[in-house]
Visitor: 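Below you will find the structure I want to go over with you.
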Amino acid sequence: MKVESNKDENEQNKNINEETKFLKNKIPSQSNRIDNINEFSGKLLNFSDGLSTFSNLAITYYFKDNLQLSPSQSALFQSILSFPFILKPLFGLISDVYPLFGYKRKAYLIVNGIIIFSCWLILSLFNTSAKLSIIILLIKSFSKTFLNACTSAVLVEISKKRKEDEKKLENFNTSIIFINFGNILSSVTRGIALEYFPTKVMFFITGMMSCLDIIAGIMYHEIKINHNINDNKLYKIKQFKEIVKQKKVILLLIYMLIMTIVPSYYESSFYYLTDIKGFTKRNFGQLTILIMVLFLLNSVINKKYLSLFKPKTVIIFTTIIAFLFSSIYNLYIYYDLKYKIFAFIGVSLYISFKALSVKPIFNLAFLVCPKEYEGSIMGLFYSTRDFGDTMASLLGSYLAFFYDIQNTKYTTYSKMILTINLISLLPIFFVNIINNGIISSIKEKS
């Protein structure tokens, strides 16, 4: 067994050397041109990912107005649609180990882009029942998750070609900024668009936007893998297991889950602000724009400044600041304040600082991600975050039920928000999981 394992390892190293030799023999100008095209493809994929949120608000209104769902039911359906996100490491591992048509990323990007486009097109052109609509949205969610897993791998592969660790991480975070550009553009337009277009038109526009994924996949340059060279799948799966079993990886994953599992009050707030405070579609569009602009600032801050501070320091301060801003929203509800600005400030800055607190963990995850396993390992971290978000939505749904939050009954809503605010401080008490030894180990081997 040991001889066979060594043979597999030697074959794996031979494959890597052959690929490296192939790349070195390329004309330098041609190699640079390919790198530039691939970087553009990665940014286009991220930009498209941001644009894909264009129909998020339309779906929420569809659940509320068309399907007549309660706040807890809406949260439940949103959780079901987000379930595929937890499978991201599986999709990443599939793309790492099982090439499609000889490609690890390119073919998967194109195929999943086509599926996403088809799902939006069906929803926009045909009258579908509630059950069928959920099934189509679920299929779209599976393909979107697979596509995101491949996109994450592409970004890591491109970024890790840089020589210095700072440049690698900076390039990775620069690419992520393009998600926020896409988010801002979709946020600026979707709130206004909903006032003039029905949901089916919104779905059709989102489908047209998803074509960018297909274009980016076609543009992406990748060396086609010879099936005879890539037969060593069991070895790769075994190596993946060994990587995941490392202490530093396990601790990062555990803390990522702790940070993201805080109950969500997005769905219940949507109903409260609509039914009680008279928020319009345009108001929600404005709130979303504000949140997306703050996310863009988060990415810039993360790229330029967060690396200057210890991860634990960043996590503690951002978590406390997020709690304080969420408390403003709680006061807005408790005292039934009339000015919407309090809701805008409280909700947007709470979400912004909560997202910023997770950035140091993703920076460490990028550094710990080894070559040849970009899709599976980064997928594992993203899926852990998405699993935490799914659980947060379910916990928020349970709290809405526990506090008896209904369309016409919000007397205990401030208590629910206070409970969630207190739970949001939980990550501070576990911050020592990310100790200096773990951080040093990650940076030494990156």
Side-chain angles (χ1 to χ4, degrees), residues 46 49-53 56-57 60 173-188 190-191 255-256 258-270 272-273 279 283-309 311-333 339-363 382 385-386 388-389 392-393 396 417-418 420-428 431:
N46 271 340
D49 188 24
L51 290 178
S52 67
T53 63
N56 283 9
L57 192 57
T60 305
N173 287 321
T174 299
S175 298
I176 292 176
I177 288 175
F178 279 81
I179 296 178
N180 298 307
F181 278 128
N183 270 324
I184 290 173
L185 182 58
S186 67
S187 302
V188 168
R190 68 185 173 206
Y255 197 67
M256 176 77 79
I258 292 172
M259 296 186 75
T260 55
I261 207 169
V262 175
S264 167
Y265 55 69
Y266 170 77
E267 290 82 8
S268 57
S269 287
F270 173 79
Y272 172 78
L273 294 174
F279 268 53
N283 291 144
F284 280 109
Q286 293 167 342
L287 178 60
T288 306
I289 292 169
L290 178 58
I291 292 172
M292 292 306 112
V293 170
L294 290 172
F295 276 5
L296 177 60
L297 291 175
N298 281 358
S299 298
V300 174
I301 292 170
N302 180 45
K303 175 185 173 183
K304 295 289 186 181
Y305 304 110
L306 287 195
S307 60
L308 302 176
F309 302 95
K312 290 198 297 184
T313 303
V314 174
I315 291 169
I316 291 171
F317 275 95
T318 52
T319 301
I320 291 174
I321 295 172
F323 167 80
L324 293 176
F325 280 114
S326 188
S327 298
I328 293 176
Y329 180 58
N330 193 27
L331 293 174
Y332 170 75
I333 297 167
Y339 299 105
K340 295 178 181 178
I341 187 66
F342 290 105
F344 274 72
I345 292 174
V347 172
S348 63
L349 289 171
Y350 166 69
I351 293 174
S352 174
F353 277 97
K354 187 171 180 291
L356 191 61
S357 68
V358 185
K359 294 286 186 182
I361 305 301
F362 273 115
N363 290 342
Y382 277 110
R385 180 201 63 183
D386 294 334
D389 289 341
S393 184
I417 299 300
L418 177 61
I420 292 174
N421 287 350
L422 293 174
I423 295 174
S424 72
L425 294 173
L426 188 67
I428 294 177
V431 74

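The residues of the chain are indexed from 1 along the displayed sequence. Excluded from the calculations below are hydrogen atoms, water molecules and symmetry mates; all remaining heavy atoms, backbone and side chain alike, are included.
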Visitor: Considering all heavy atoms of both residues, which atom of S424 and which atom of P427 are nearest to each other, and what is their separation?
Guide: O-CD, 3.2 Å

Visitor: Counting C-beta onward and ignoring hydrogens, is there a side-chain heavy-atom pair between I420 and V262 closer than 4.5 Å?
Guide: yes

Visitor: Can any side-chain N or O of S269 pair as donor or acceptor with the backbone N or O of Y265 at less than 3.5 Å?
Guide: yes

Visitor: Heavy atoms, side chains only, cut-off 4.5 Å: are L356 and L306 in contact?
Guide: yes

Visitor: If every non-hydrogen atom of S357 is compared with every non-hydrogen atom of T318, which pair is closest and at what distance?
Guide: CB-OG1, 3.0 Å

Visitor: So, do K312 and I315 sit near enough that their side-chain heavy atoms are less than 4.5 Å apart?
Guide: no

Visitor: Mind checking the CZ-CZ spacing from F362 to R385? Nearest 0.5 Å is all I need.
Guide: 4.5 Å

Visitor: Quick one: do the S264 and S393 side chains pair a donor with an acceptor below 3.5 Å?
Guide: no

Visitor: Applying side chain to side chain contact (heavy atoms under 4.5 Å, CB included), run through F342 and L331 and close with a yes or a no.
Guide: CA-CA 9 Å; F342 290 105; L331 293 174; over 6 Å; no

Visitor: Which heavy atom of G50 sits nearest a heavy atom of S186, and at what distance?
Guide: O-OG, 3.4 Å

Visitor: Does the gap between the ring centers of F284 and F279 come in under 6.0 Å?
Guide: yes

Visitor: Atom CE of M256 and atom OH of Y382: how far apart are they, to the nearest 0.5 Å?
Guide: 8.5 Å

Visitor: If I take atom CD1 from residue I316 and atom CG from residue L425, how far apart are they, to the nearest 0.5 angstrom?
Guide: 11.5 Å

Visitor: Cut-off 3.5 Å, side chains only: do N421 and S326 have a donor facing an acceptor?
Guide: yes

Visitor: Might you point out which heavy atoms bring S299 and K359 nearest each other, and give the distance in Å?
Guide: OG-NZ, 3.9 Å

Visitor: What are the two closest heavy atoms between P360 and V314, and how far apart are they?
Guide: CG-CG1, 3.6 Å

Visitor: Out of curiosity, F317 CZ to I428 CD1, how far, rounded to the nearest 0.5 Å?
Guide: 10.0 Å

Visitor: If you measure from CD1 on I417 to CD1 on I333, what distance do you get to the nearest 0.5 Å?
Guide: 4.5 Å

Visitor: Mind listing the side-chain donor-acceptor pairs of residues 343-354 below 3.5 Å, one per line with the distance, residues two or more places apart or on another chain?
Guide:
unit_1, atom_1, unit_2, atom_2, d
S348, OG, F344, O, 2.4
S352, OG, N298, OD1, 3.3
S352, OG, N298, ND2, 3.3

Visitor: Run the numbers on L287 and I291 for side chain to side chain contact (heavy atoms under 4.5 Å, CB included), then give the verdict.
Guide: CA-CA 6 Å; L287 178 60; I291 292 172; 4.2 Å; yes

Visitor: What pair of heavy atoms forms the shortest contact from I361 to Y255, and how long is it?
Guide: CD1-CD2, 3.8 Å

